[in-house]
Amino acid sequence: MIALPSSLNANLVIGIALLVMLLVVAGAIVRTRSLLAAIILFSIYSLVSAVWLVVMDAADVAFTEAVIGAGVSTIVLLGAILLTRGEVEKPGWRALVAPALVCAGVGGLLIYAAAGLPALGDPASPANAHVGRAYLEAAPKEIGAPNIVTAVLASYRGFDTLGETAVIFAAGIGVALMLGFGPHASPLPPAATIGDHHVVLRVSAKFLIPLIALFALYVQFHGDLGAGGGFQAGVIMAAAIILHALVFGLRDTMMAVPPRLVRSIAALGVLLYAGVGVACMLNGGAFLDYDYLFPPAFEKQVPGWLLGDPEHAHHWGQHFGILLIELGVLLTVAATMLTIFYGFAGRTVEAIRQERGA
Amino acid sequence: MTDMLSLIGGVCVVAGTALSLIGAAGLLRFPDVYTRIHAASITDTGGASLVLLGLCLIAGLSLTALKLAFVWFSIMLTTPVAANALANAAFGSGHRPRIGAFQIMRTDERRKTSRGTEAP
């Protein structure tokens, strides 16, 4: 059974309220026949689950959920909806029997599995007792990064994270293979309009985009210390550029950030990450063993005050290793998001052009 | 002094929540897109501002208060713009107000834009 705490605390009440909201939104998504409304509801769903993740103290996951779920994927889906009809027919009840059975089966299995999970934050649970405790004890000595999550993600399990980065890169390639790398020719300049209806939007976007980019860099370089890292920073950076495309037009964005450059950066990120691993191997360590990132002879030359703490000067291989691979993750994630966005936008531009020609 | 500030802060939070509730009621009850946007944006600006002000008072002069001020600043920067963009898009796609000065226009345009006079 799911263990209920002895008293209802505020977090639990907020969590239950948010989960009820998620259920209501999910019901609305199933009920609606307008695909446009469904996309907006999906966006609301992501935003509510991001809030829920914040309540669960998973701030960095919440960043990603808010940016990807509520932001980028909404935009990509809206771009896709332009190419299709905006409505779905109401299916007969016969067509619903099989999906309903599958949903009920999977849902029942998940509920059954959830009953076997340890309670939230249970110190005796396997994840917290064995591996988690070992990491908590070893990480300050071995890695020296204040944020244990970063230490585990980027150093102990650096190979996993390399795999994740490669998966994102592969996903970007997959979308590009299906939809293309973006508009073939730069889209036509917008038709001249009388008056500027979007002047408020333009002015405030001009102000917001640098702030969002700055926040992305903060999340990137703060990742060593607190919540954050390359994945979160990458999607936030991509969101800033996509916002530019939405407000100022695809043409201007493609001039500022050309699709060709973007796909090179996506590959460069993975290369940088794997390159750090190979550099460690060349210096006599294992793959992605940042202690060997720099040759020992070279490492002795560096004064300890460079990292502020002379006691932990020997960690600077780890520090720079994590910094570099997080940079690789940032580049790959941001560039892949943009590649996917350009792919969808390119299809939309083509469709509009065909419509005009027809 | 601190108790007094906390009390005022608590009152502000409750007032902001009440304002948000009123905004939600307006969102459901108002007749057309524009009045609904008006109700929703009151929730965003007035309600959120009061809640954040109340939280600032409870937090006192600290880093938390500064962070809350930043949150307030970004809300003030984004939500009015979103309301403006929404109203702009609604007007551009042919929704005409059902009440107010534009009502005269509605009878003229009823034949031209069938969508504009539909209940939203």
Side-chain angles (χ1 to χ4, degrees), chain A residues 10 13-14 17 21 24 28 34 36-37 40 43-44 47 51 54 59 62-63 66-67 70-71 74-75 78 81-82 86-87 190-191 193-216 218-219 222 225-227 236 239-240 243-244 246-248, chain B residues 6 9-10 13-14 16-17 20-21 23-24 27-28 33-34 36-38 40-41 43-45 47-48 51-52 54-55 58-59 63-64 66-97 102 115 118-120:
Chain A
V13 172
I14 295 172
M21 278 170 78
V24 171
S34 159
L36 199 65
I40 301 301
S43 169
I44 294 171
L47 212 56
V51 175
V54 171
F63 280 157
V67 178
T74 306
I75 292 162
L78 284 177
I81 207 93
L82 284 175
E87 296 272 325
T193 46
I194 305 153
D196 189 358
H197 290 293
H198 302 296
V199 63
V200 176
L201 208 57
R202 260 180 242 275
V203 170
S204 48
K206 210 174 260 184
F207 191 75
L208 270 177
I209 289 167
L211 277 185
I212 298 174
L214 193 67
F215 181 63
Y218 167 76
V219 169
H222 196 255
L225 305 171
I236 294 171
L243 178 65
H244 184 272
L246 290 180
V247 176
F248 296 99
Chain B
S6 296
V13 170
V14 171
T17 322
S20 301
L21 209 64
L27 187 68
L28 291 172
V33 185
Y34 304 98
R36 286 178 181 200
I37 291 171
H38 162 73
S41 62
T43 309
D44 287 343
T45 50
V51 169
L52 288 173
L55 291 177
I58 292 171
L63 188 63
T64 316
L66 189 70
K67 284 178 182 172
L68 287 169
F70 272 116
V71 170
W72 179 78
F73 178 69
S74 69
I75 286 179
M76 277 301 166
L77 200 63
T78 49
T79 55
V81 175
N84 175 283
L86 199 58
N88 207 338
F91 196 78
S93 65
H95 285 276
R96 292 289 173 262
F102 274 101
R115 260 168 61 191
E118 293 274 329

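Since the model is a prediction, treat every value here as computed from it, not as a measurement.
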| said: Within residues 204-212 of chain A, which residues come under 4.5 Å of chain B, heavy atom to heavy atom? | reply: A/Ser204, A/Phe207, A/Leu208, A/Leu211
| request: Please say whether more than 12 non-hydrogen atoms of neighbouring residues, nucleotides or ligands are located less than 6.0 Å from CE in A/Met21. | output: no
| field | Residues in side-chain hydrogen bond (donor to acceptor under 3.5 Å, both in side chains) contact with A/His244, at least two apart in sequence or another chain | value | A/Thr253
